[in-house]
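Note sheet for the following structure.
Just so it is clear, the values below take in all heavy atoms, side chains as well, and ignore hydrogens, waters and symmetry mates.
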Amino acid sequence: FSEMYKMGESLGAGAFSIVFKAQTLQPAGKAVAVKEINFDAIPDGRYNQYCELMEEELGILEQVKGSPKLLQLHNVLADLDEKRLYIVTEYIEGYNMADLMDWLQDHPKRSAPFEDGCWIPSRVIGRIARDLLVALKDLYQKKIIHFDLKPENIMIRAENGEAVII
């Protein structure tokens, strides 16, 4: 793993995993997100259940490859000695809808921030809605149910305002 990626800052954590921002070493400097799963941290009674969930998550990520409004999988690596699984996905520079909603609550008479000092025009809000509908249509066509669809799992790309479900 360390020959391919350089780990960076932690982006968040779950019960048995941590998500990091990382950089590829070849090609140099491409940002990715790495979910590191520590199988030693999983209680014996939940190990099989968690493995099934991971297998299902990876299967879904494989199925949605090429869907532009859904998080894209790049690589899956295992370190058997350390009992770690690494799921490498695209890194989305931007903010999530929960952050946007918090900002709107704090600034009720304004539109949402897009960049420093700027406001999101209604056409961009419309684009976000359209992007989400495209993502949901892709999931529906593949007969996939996203069981954790919430504002924190909808990212808005800083570069173009595109919405992506993670």
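With hydrogens and angles disregarded, a donor-acceptor distance shorter than 3.5 Å links the side chain of N153 to the backbone of D148. The closest donor-acceptor contact from the side chain of Q72 to the backbone of V64 lies under 3.5 Å.
Put simply, the residue from I165, L70, I144, D131 that forms a side chain to side chain contact (heavy atoms under 4.5 Å, CB included) with L136 is I165.
Under the 4.5 Å side-chain heavy-atom criterion for grouping Ile, Leu, Val, Met, Phe, Trp and Tyr, V76 is connected to I42 within one hydrophobic cluster. Criterion: ILVMFWY side-chain heavy atoms under 4.5 Å apart, direct or through other members. Under it, L133 and L100 are not part of a common hydrophobic cluster. V34 and L11 are members of different hydrophobic clusters when ILVMFWY side chains are connected at heavy-atom separations under 4.5 Å. No continuous path of ILVMFWY side-chain contacts below 4.5 Å connects Y91 to I166, so the two sit in separate hydrophobic clusters.
Taking a 6.0 Å sphere around NZ of K137, one finds it holds 12 or fewer heavy atoms contributed by other residues, nucleotides or ligands. Under a cut-off of 6.0 angstrom, the local environment of CD in E55 is sparse, with at most 12 non-hydrogen atoms contributed by other residues, nucleotides or ligands. Around atom NZ of K143, no more than 12 heavy atoms belonging to other residues, nucleotides or ligands sit under 6.0 Å away.
Here the closest heavy-atom approach between residue G8 and residue F20 is recorded as O-CD2, 3.5 Å. Smallest separation of non-hydrogen atoms from N96 and E152: CB-O, 3.7 Å. Residues V19 and A33 approach most closely at CG1-CB, 4.4 Å, considering heavy atoms. Here the shortest heavy-atom pairing between S17 and I37 reads CB-CG1, 3.9 Å. Heavy atoms only, all atoms of each residue included: G29 and Q23 are closest at O-OE1, 2.6 Å. Between I128 and G161, the shortest heavy-atom contact is CG1-O, 3.8 Å.
Between atom CG of residue D79 and atom CG of residue N38 there is a gap of 11.0 Å, rounded to the nearest 0.5 Å. How far CG of L80 is from CD of E82: 10.5 Å, rounded to the nearest 0.5 Å. Separating the CG atom in L77 from the CZ atom in F1 is a distance of 6.5 Å, to the nearest 0.5 Å. From F147, atom CZ reaches atom CD1 of I60 across 8.0 Å, with rounding to the nearest 0.5 Å. The CD1 atom of I87 lies 7.0 Å from the CG atom of L61; values are rounded to the nearest 0.5 Å. In this structure, CG on L73 lies 5.0 Å from NZ on K65, to the nearest 0.5 angstrom.
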Step-by-step side-chain contact (heavy atoms from CB on, under 4.5 Å) determination, Y5 to T24 = CA-CA 5 Å; Y5 302 99; T24 59; 3.7 Å; yes
Intermediate values then yes/no, side-chain contact (heavy atoms from CB on, under 4.5 Å), Q26 and M4 | CA-CA 7 Å; Q26 292 295 326; M4 299 173 69; over 6 Å; no
Where do L71 and E90 land on the side-chain contact (heavy atoms from CB on, under 4.5 Å) test, with the steps shown first?
-> CA-CA 7 Å; L71 184 70; E90 68 178 308; 3.5 Å; yes
Please lay out, stage by stage, how E57 and K35 fare under the test side-chain contact (heavy atoms from CB on, under 4.5 Å).
-> CA-CA 12 Å; E57 180 179 338; K35 182 177 188 176; 3.2 Å; yes
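Using cut-offs of 30° and 60° for the angle between ring planes, the Y50 and F39 rings count as perpendicular.
Put simply, the side chain of L25 does not reach to within 4.5 Å of the side chain of S2, judged on heavy atoms.
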